[in-house]
Every structure is written in C-alpha cells, then in structure tokens.
Amino acid sequence: MPSFSLSAFVATALAVSTSAAFEPTSKTNVVTYWGQGANQQRLVETCKNSAIDVVNIGFVDVFPDQGPGGWPGTNFGNACWGDVYEHDGVNTTLQKTCPYIGEDITACQETYGKTILLSIGGGSSNAYYIEDDTSGESFADFLWGAFGPSSVNGGQPRPFGDAGVDGFDFDIENEIIPAPTDSNGDTIAYATSGYAAMINRFHDTLFSQDPSKTYYISGAPQCTLPDSHYTTVMASAWFDFMWIQFYNSPQCSARAGINHIDGLGSDDISFSAWESSTSLNQDIKYYIGLPAAEAAANDPSYYLTPAEVQQLAKRFINDNAFGGMMLKSLRLPHRVL
Ligand SMILES: *[C@@H]1O[C@H](CO)[C@@H](O)[C@H](O)[C@H]1NC(C)=O
C-alpha cells in the first residue's frame, strides 16, 4: 500500500484552500467555543470543520484578585492534566500541563485558517471579579504575556508554549451575593468594575506591540437589554464582536424571534435592540448565538432548525452590524455558556 495517493493529496489541498482566513466584515462567519467538559476531543478536531471561522477557548475562570498567589486560574476540561503553577510559595489555579492546546492553536491558525480567542469568565465559576481599573490593567498585562505572542513575554508562565492567541473574549456572567466590598468597606460594582480598563489596555496599548497580525476583543452577553455586565462597559471599551446568547432568556431569544415571524407572540428577538446599543466601536459586529443541538440548550425549545435559522438570518443579514452565528456545541456543559 502506498502511503501517499493523489486523491488524498487533492483532498488535503482542497481542505486547506477552502479554509480561508477569517474575514471580520463577512456576514457568514461561524463562531464556537471549545475547552470545557470531560469528553471533548482535541481543539484541532474543532478546527478541521471548514464551516467554523473563530474558536473561543474557555475559560480563564479565576481572576487575579481572588486567585491564590495573585494569579489568574484556568479550566480547559480534560485538555489539561491538573497540575498547576506555583507562585509566591503557593499553588495557583493556573493549569500547567495542557500538552496539545499549544500545538493545536498553531495548527488551527496556520493549517486551518482559524482565529483563536481566549475566553475570560464563563458561567460555572461565577464568583470572579476585578476590584478596580489598576487591577484590570495588570490582568490584561498578565494574559498578554502568558497567552499573547511569545515575543512579548515578560516572565509570565506560558501554558500554551510559544503559541499565541488572536485576542480575548469576555463571557462575563458573574453574580455575587452579597456584593464584594473594597478595603474601605465600599461595595464593588462587580458586574462592570475594571472591564473597560482591562479591554482598553489590550486594545490601546498591548495589541500594537505585535503588528504582525490583527488582535480582537469579543463579548458573549445574554440577550436581555440593558445588560448589567455589558451595556455601560461597551459604551467606553472597544469590542470588535458580540456573540449574543439568544437562548437563556425566553423574552428576547431566537425562539421568540421565530414565534414573532409566525405571529405567535409579541416578544421578539432583541437583535435590533443590540444593534441600536451605544458602542465605543461604531463598527462593532453582532452575532446570533444559538445552541448547536437541542441537547446543547437548557431548554430544547431554544434550538432552531436549519430552516428556522435561515428565516431568522434573512431578517438581519443585510444589516451592517450583522456578523454571523455563534453556535454553542453539545459538548459544553449547560451552565458554562
Ligand atoms: C502544590 O501542589 C503539589 C501537588 O499537590 C504539591 O506537591 C506541592 O507541595 C504544592 N506546593 C505548595 C507550595 O503548596
């Protein structure tokens, strides 16, 4: 048996040539998440899907202000072994040995043309918060040194080796009762505190240290407006994209949008309201986030059939601010996104 055949070569060449680079101004982008759960396949398997343009790796779910040793912590499901970095004489929660993520990021970018973002927050550990702007800026500096281009490393650990992500996603779902207080005993506005400073540190200062590629910031809000985490932050911080979760809230969901088209209810998908939101980035792109399967949603009614997705996309695809779809995969546990 020859180990190489012409048809295999053609198939490989086609696979590569059809995986064009992410085109942020296109309206047909597909975005997904990877990194949670005990049974997930390697990141590169997600990247082999030629329909996908952007993969968010989740999550950085412990923030420096709460993290042991003052470092952030990570959870990438079964992709890491469970050992952690030590800092200042304590074990942090930053996963150390994640043997394939780095090489898979590089393959995703170079072989498959994907854009890879590191996602901060998530819905499973939701007690994280940033105390103030100074702390938000140093959080950005740490992540940039640890997960940005290896050329800018300033002594931070590199859990993914030399591989660097293409930007950062903010999936902020924290809910802390009672609200945390600062050293003066004053309540911290934990839903918004520090995020604009952190995001603008990335966008205004850090990203330009590597002119070799374009870096992005995205957010993953729920669909209800005003949004306690994003509405004020996005007015003063630069987001390139919002992957909006149109599936946890019945009154503004994609399902409400379909029912509205069908004359079955007065509620409607809140996509147009998001497009009218005040955003520092006037060219921000909004994505319709959907469960990729019935079982990927908390409630199966949030799943839309392909025909329903087309029906919904037709309503918005001519809008300047429409960017595509975010699909939450079956493998992500319900509560994390
Ligand atoms: C960190 O955890 C490892 C593994 O449990 C342990 O051997 C080590 O002593 C811990 N280090 C510190 C500083 O607690």
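Atoms within each ligand, like the ligands themselves, are counted from 1 in listed order. It should be emphasised that the depicted structure is a prediction, and the values quoted were computed from it without experimental measurement. Numbers for residues simply follow the sequence, beginning at 1.
Counting heavy-atom neighbours within 6.0 Å of Glu175 CD, excluding the residue itself, gives a total of 12 or less.
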- Check against side-chain contact (heavy atoms from CB on, under 4.5 Å), Ser253 and Tyr247: CA-CA 5 Å; Ser253 64; Tyr247 46 78; 5.7 Å; no
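Taking the six-membered ring for Trp and thresholds of 30 and 60 degrees, His87 and Trp71 have nearly parallel ring planes, at less than 30 degrees apart.
Here the closest heavy-atom approach between residue Asp166 and residue Gln109 is recorded as OD2-NE2, 2.9 Å. Closest of all the heavy-atom pairs between Gly219 and Phe239 is N-CD2, 3.7 Å.
Near ligand 1, residues Glu86, Gly89, Asn91 come within 4.0 angstrom through at least one heavy atom.
Side-chain contact between Pro68 and Thr93 is present, with at least one heavy-atom pair separated by less than 4.5 Å.
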